[in-house]
Amino acid sequence: MSGHTRIKTKVAILISGRGSNMRTLIQAANDPAYPAEIIGVFSNRADAAGLDHAKQQGIQTAVISHKDFDSREAFCEALDSTLEAWGTELICLAGYMRIHSDAFAQKWVGKMLNIHPSLLPSFKGLNPQQQALDAGVRISGATVHEVTPELDAGRPVLHGVVPVLDSDDAERLGARILKVEHQIYPIALKQYIENSGNNDVAAADKAQFIWPQ
Ligand code: GAR
């Protein structure tokens with residue numbers, strides 16, 4: 001390190017509920033050496049529990065209800081205006097349960113990550129933990145991936161792997177997956193930012209995985 005202050009990437013987090021993944025990103029970003037700064041937390045639901053934590057951490061928050069808009073497009077335009085006003089450079093979806101308009105998703109391609117509780121491309125969409133149990137797989141996990149207009153279909157950046165146990169139901173499996181989510185999201189965001197300046201495109205494009213022992 002040259003001793004210069006590194007310029008941190010300005011990251012906005014979008015949530016719809018509990019916000020436990022949001023917390024891990026905020027905590028990671030409190031480290032001066034971490035390459036991201038969390039500049040704002042947005043929720044489409046005023047009752048999202050994660051909003052209080054963000055405020056306690058001194059992070060600005062915004063709530064816009066999708067119910068106040070006639071169309072997905074109009075809601076996403078309002079969301080986009082908020083993100084632009086914050087100076088957002090990268091978006092992290094963290095339990096954000098709205099589907100984006102195509103225009104919004106297109107605009108932020110390469111600048112938006114999501115975390116999903118399955119090993120994508122398996123088990124996209126809702127209830128992926130139950131989907132994994134129904135399919136009878138013996139390993140599952142979580143994926144941090146790039147967001148594209150097609151739901152849960154963007155390039156995987158980092159997988160976290162967990163076993164599926166005979167005694168699992170969706171809740172038990174989900175809790176095991178959530179633990180690995182909290183491990184991988186801060187790592188994935190850091191890697192993603194650092195690789196975005198990497199000319200070795202082939203290396204930067206390979207998904208990585210973590211299997212906690
Ligand atoms: C997490 O398990 C996340 O992977 C999932 O919602 C939960 C949010 O928890 N996201 C999705 O299913 C997106 N399709 P959190 O609010 O405590 O981070």
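First listed ligand is number 1; within each ligand, the first listed atom is number 1.
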### Test of proximity, Q129 against ligand 1: N or O pairs below 3.5 Å
no
### Task
Might you confirm whether atom CG of D70 has over 12 heavy atoms from other residues, nucleotides or ligands at distances under 6.0 Å?
no
### Query
Heavy atoms, side chains only, cut-off 4.5 Å: are L178 and S20 in contact?
yes
### Task
Would you please determine whether I115 falls within less than 4.0 Å of ligand 1 on a heavy-atom basis?
yes
### Task
Do me a favour and list the nearest non-hydrogen protein atom to atom 9 (O) of ligand 1 with residue, atom name and distance?
R18 NH2, 3.0 Å
### ligand 1 N/O within reach of G19 N/O, cut-off under 3.5 Å
yes
### Query
Is there any N or O on N114 that sits under 3.5 Å from an N or O of ligand 1?
no
### Query
Less than 4.5 Å apart, any side-chain heavy atom of F75 and any of N44?
yes
### Query
Are L133 and I177 linked, directly or through other ILVMFWY residues, by side chains that come within less than 4.5 angstrom of each other?
yes
### Query
What protein heavy atom sits nearest atom 8 (C) of ligand 1, and how far away is it?
G95 CA, 3.6 Å
### Query
Is the closest side-chain heavy-atom distance between L14 and L83 below 4.5 Å?
yes
### Query
Taking N or O atoms only and a 3.5 Å limit, does E181 qualify as a polar contact for ligand 1?
yes
## Note on the structure
Nearest non-hydrogen protein atom to atom 14 (N) of ligand 1, with distance, is H116 ND1, 3.3 Å
### Task
Please indicate whether E84 has more than 12 foreign heavy atoms, meaning atoms of other residues, nucleotides or ligands, lying under 6.0 Å from its CD.
yes
### Message
Students should be able to answer this: which protein heavy-atom is nearest to atom 5 (C) of ligand 1, and at what distance?
### Response
P117 CD, 3.8 Å
### Query
What protein heavy atom sits nearest atom 15 (P) of ligand 1, and how far away is it?
S20 N, 3.4 Å
#### Entry: Y185-I193 co-clustered via ILVMFWY side chain contacts under 4.5 Å
yes
